[in-house]
J.: 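First the structure, which I've put down as structure tokens, then a few questions once you've had a look.
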Amino acid sequence: SVTDRFDSAEPKNNDSMMIALKNIINEAYVLDIGRKIKAQARQAMREGQYVSARPSYGYLKDPDDCHKLIINPETAPIVKMIFDWFVGGMSTNEICLQLGARNIPTPSVYGYNKGYITSSKSVGCGKWNTRTIQRLLCQEIYTGKLVQGKTDSIAHKQSPQDKSKWIIVENTHEAIISQELFDKAQERIAEIK
């Protein structure tokens, strides 16, 4: 630190010992703060607060409370349509073709256009793909539940959490689809697998 007035070109006798001790204390402080931030985030999840940086496709963050979700009138009908098509027998590839033919922007393109995604590298090619549809079809958030804590950050890398550690809170926001429609989609996904 500049305020420690340590000069590595001309160190004094006790300077290197004090710097080493301060580094140990600072490292412990940073680890402690990290644990407290994670604990606070998990507590907020248990209370049904939305803690993600970006809203899920189909939703917006409430302008009065960034930890609440509200339905996005532009994208929620698209989510409903995707579930209806899939449960009605359409394949994920056919759904991609239908969305592309209607010039409906992908979630990443939509997010980039609205400013939720700031890096153009995160947008991809801008075309719907089956992986995007599959991920969307597996999101319980569309039934009005918040399912959070699916991953944990270890050494700056996201790793999946065991399902028993997920935090699920029901009725935290308005549902786009019914639980029945979601369950039918999951049954069809299982059949296809």
Side-chain angles (χ1 to χ4, degrees), residues 44-63 65-117 122-152 158-193:
M45 289 177 197
R46 283 190 279 278
E47 292 172 0
Q49 295 180 15
Y50 187 73
V51 298
S52 184
R54 293 185 286 233
S56 291
Y57 188 71
Y59 288 102
L60 297 168
K61 284 191 172 191
D62 188 329
D65 183 355
C66 67
H67 298 293
K68 296 269 183 222
L69 293 175
I70 56 175
I71 285 187
N72 182 337
E74 294 177 2
T75 57
I78 298 163
V79 171
K80 174 87 168 78
M81 189 168 54
I82 290 169
F83 273 91
D84 287 338
W85 283 345
F86 184 72
V87 169
M90 200 179 279
S91 72
T92 54
N93 194 45
E94 289 171 319
I95 293 170
C96 291
L97 294 172
Q98 286 292 325
L99 294 169
R102 295 171 189 225
N103 293 319
I104 296 172
T106 64
S108 58
V109 169
Y110 181 82
Y112 184 73
N113 291 340
K114 294 295 181 179
Y116 310 137
I117 298 172
S122 301
V123 174
C125 68
K127 295 184 179 180
W128 286 91
N129 62 56
T130 56
R131 178 104 171 95
T132 302
I133 301 297
Q134 290 164 352
R135 279 200 336 255
L136 192 140
L137 290 168
C138 293
Q139 301 275 336
E140 271 190 282
I141 196 167
Y142 299 121
T143 65
K145 294 180 190 174
L146 276 183
V147 181
Q148 300 180 105
K150 290 182 173 185
T151 61
D152 192 17
Q158 292 291 323
S159 59
Q161 286 276 58
D162 185 67
K163 199 169 184 173
S164 64
K165 293 184 179 180
W166 293 3
I167 298 171
I168 302 170
V169 182
E170 296 193 29
N171 302 316
T172 58
H173 55 277
E174 189 177 345
I176 294 175
I177 61 164
S178 67
Q179 183 67 48
E180 181 185 359
L181 183 60
F182 180 81
D183 291 341
K184 285 180 182 177
Q186 302 321 295
E187 287 171 18
R188 180 145 189 261
I189 289 168
E191 287 171 11
I192 292 169
K193 283 184 180 176

J.: Run the side chain to side chain contact (heavy atoms under 4.5 Å, CB included) check on L60 and K114 step by step: do they pass?
T.: CA-CA 11 Å; L60 297 168; K114 294 295 181 179; over 6 Å; no
J.: Within the side chain of Q148, is there an N or O that forms a donor-acceptor pair under 3.5 Å with the backbone of Q49?
T.: yes
J.: How close do T132 and N129 get, heavy atom to heavy atom, and via which atoms?
T.: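 Smallest heavy-atom distance, with atoms named: N-OD1, 2.8 Å.
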J.: Does some side-chain heavy atom of R188 sit less than 4.5 Å from a side-chain heavy atom of K184?
T.: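 Not touching, per the 4.5 Å side-chain cut-off.
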J.: Could you grab the distance from atom SG of C96 to atom CE of M90, nearest 0.5 Å is fine?
T.: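 Rounded to the nearest 0.5 Å, the SG-CE separation comes to 11.0 Å.
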J.: Under a 3.5 Å distance rule, please check whether S56 uses its side chain to pair with a backbone N or O of Y59 as donor and acceptor.
T.: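 Looks like no, no N/O pair under 3.5 Å.
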J.: Would you say Q158 has more than 12 foreign heavy atoms packed within less than 6.0 Å of its CD?
T.: yes
J.: To check you understand the geometry: which heavy-atom pair defines the closest contact between H173 and K145, and what is its length?
T.: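 That would be CE1-O, 3.4 Å.
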J.: Does any non-hydrogen side-chain atom of F86 lie less than 4.5 Å from one of I192?
T.: yes
J.: Calculate, to the nearest 0.5 Å, the distance between atoms NZ and CG belonging to K127 and L97 respectively.
T.: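 Result: 10.5 Å between the selected atoms.
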J.: Taking atom CG of L137 and atom CD1 of I177, what is their separation to the nearest 0.5 Å?
T.: 8.5 Å
J.: Is a side-chain N or O of R46 found less than 3.5 angstrom from the main chain of I167, in a donor-acceptor match?
T.: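 Checking the backbone N and O of I167 against the side chain of R46, no donor-acceptor pair under 3.5 Å is found.
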J.: Take the angle between the ring planes of F182 and F83 and call it parallel below 30°, perpendicular above 60°, tilted in between.
T.: tilted
J.: At what distance, to the nearest 0.5 angstrom, does OH of Y57 lie from CG of N72?
T.: 8.5 Å
J.: Under 3.5 Å, is there a donor-acceptor pair between the side chain of E174 and the main chain of L69?
T.: no
J.: So which atom in A76 and which in I176 form the shortest heavy-atom distance, rounded to 0.1 Å?
T.: O-CG2, 3.5 Å
J.: For E140 versus V147, what's the shortest heavy-atom pair and its separation?
T.: CB-CG2, 3.8 Å
J.: Report yes if the side chains of L146 and I141 come closer than 4.5 Å at any heavy-atom pair, otherwise no.
T.: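 Yes, their side chains come closer than 4.5 Å.
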J.: Does some side-chain heavy atom of M81 sit less than 4.5 Å from a side-chain heavy atom of L99?
T.: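 Of all side-chain heavy-atom pairs linking M81 with L99, at least one is under 4.5 Å.
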J.: Would you check, one step at a time, whether the test side chain to side chain contact (heavy atoms under 4.5 Å, CB included) holds for Y142 with L181?
T.: CA-CA 10 Å; Y142 299 121; L181 183 60; over 6 Å; no
J.: State whether the side chain of W128 and the backbone N or O of Q98 hold a donor-acceptor pair below 3.5 Å, judged by distance alone.
T.: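 Between the backbone of Q98 and the side chain of W128 there is no qualifying donor-acceptor contact (under 3.5 Å).
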J.: Minimum heavy-atom separation for R54 to I117, with atom names?
T.: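 Result for this residue pair: NH1-CG1, 3.3 Å.
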J.: Is it true that N93 and S91 share a donor-acceptor pair across their side chains at a distance under 3.5 Å?
T.: no
J.: Looking at CD1 of I133 and CD1 of I95, how far apart are the two atoms once the value is rounded to the nearest 0.5 Å?
T.: 5.5 Å
J.: Taking atom NE2 of H67 and atom NZ of K61, what is their separation to the nearest 0.5 Å?
T.: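 Going from the NE2 atom of H67 to the NZ atom of K61 covers 7.0 Å.
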J.: Heavy atoms only: give me the nearest A175-G144 pair and the separation to one decimal.
T.: CB-N, 3.7 Å
J.: Any chance the side chains of E74 and Y110 put a donor and an acceptor closer than 3.5 Å?
T.: yes
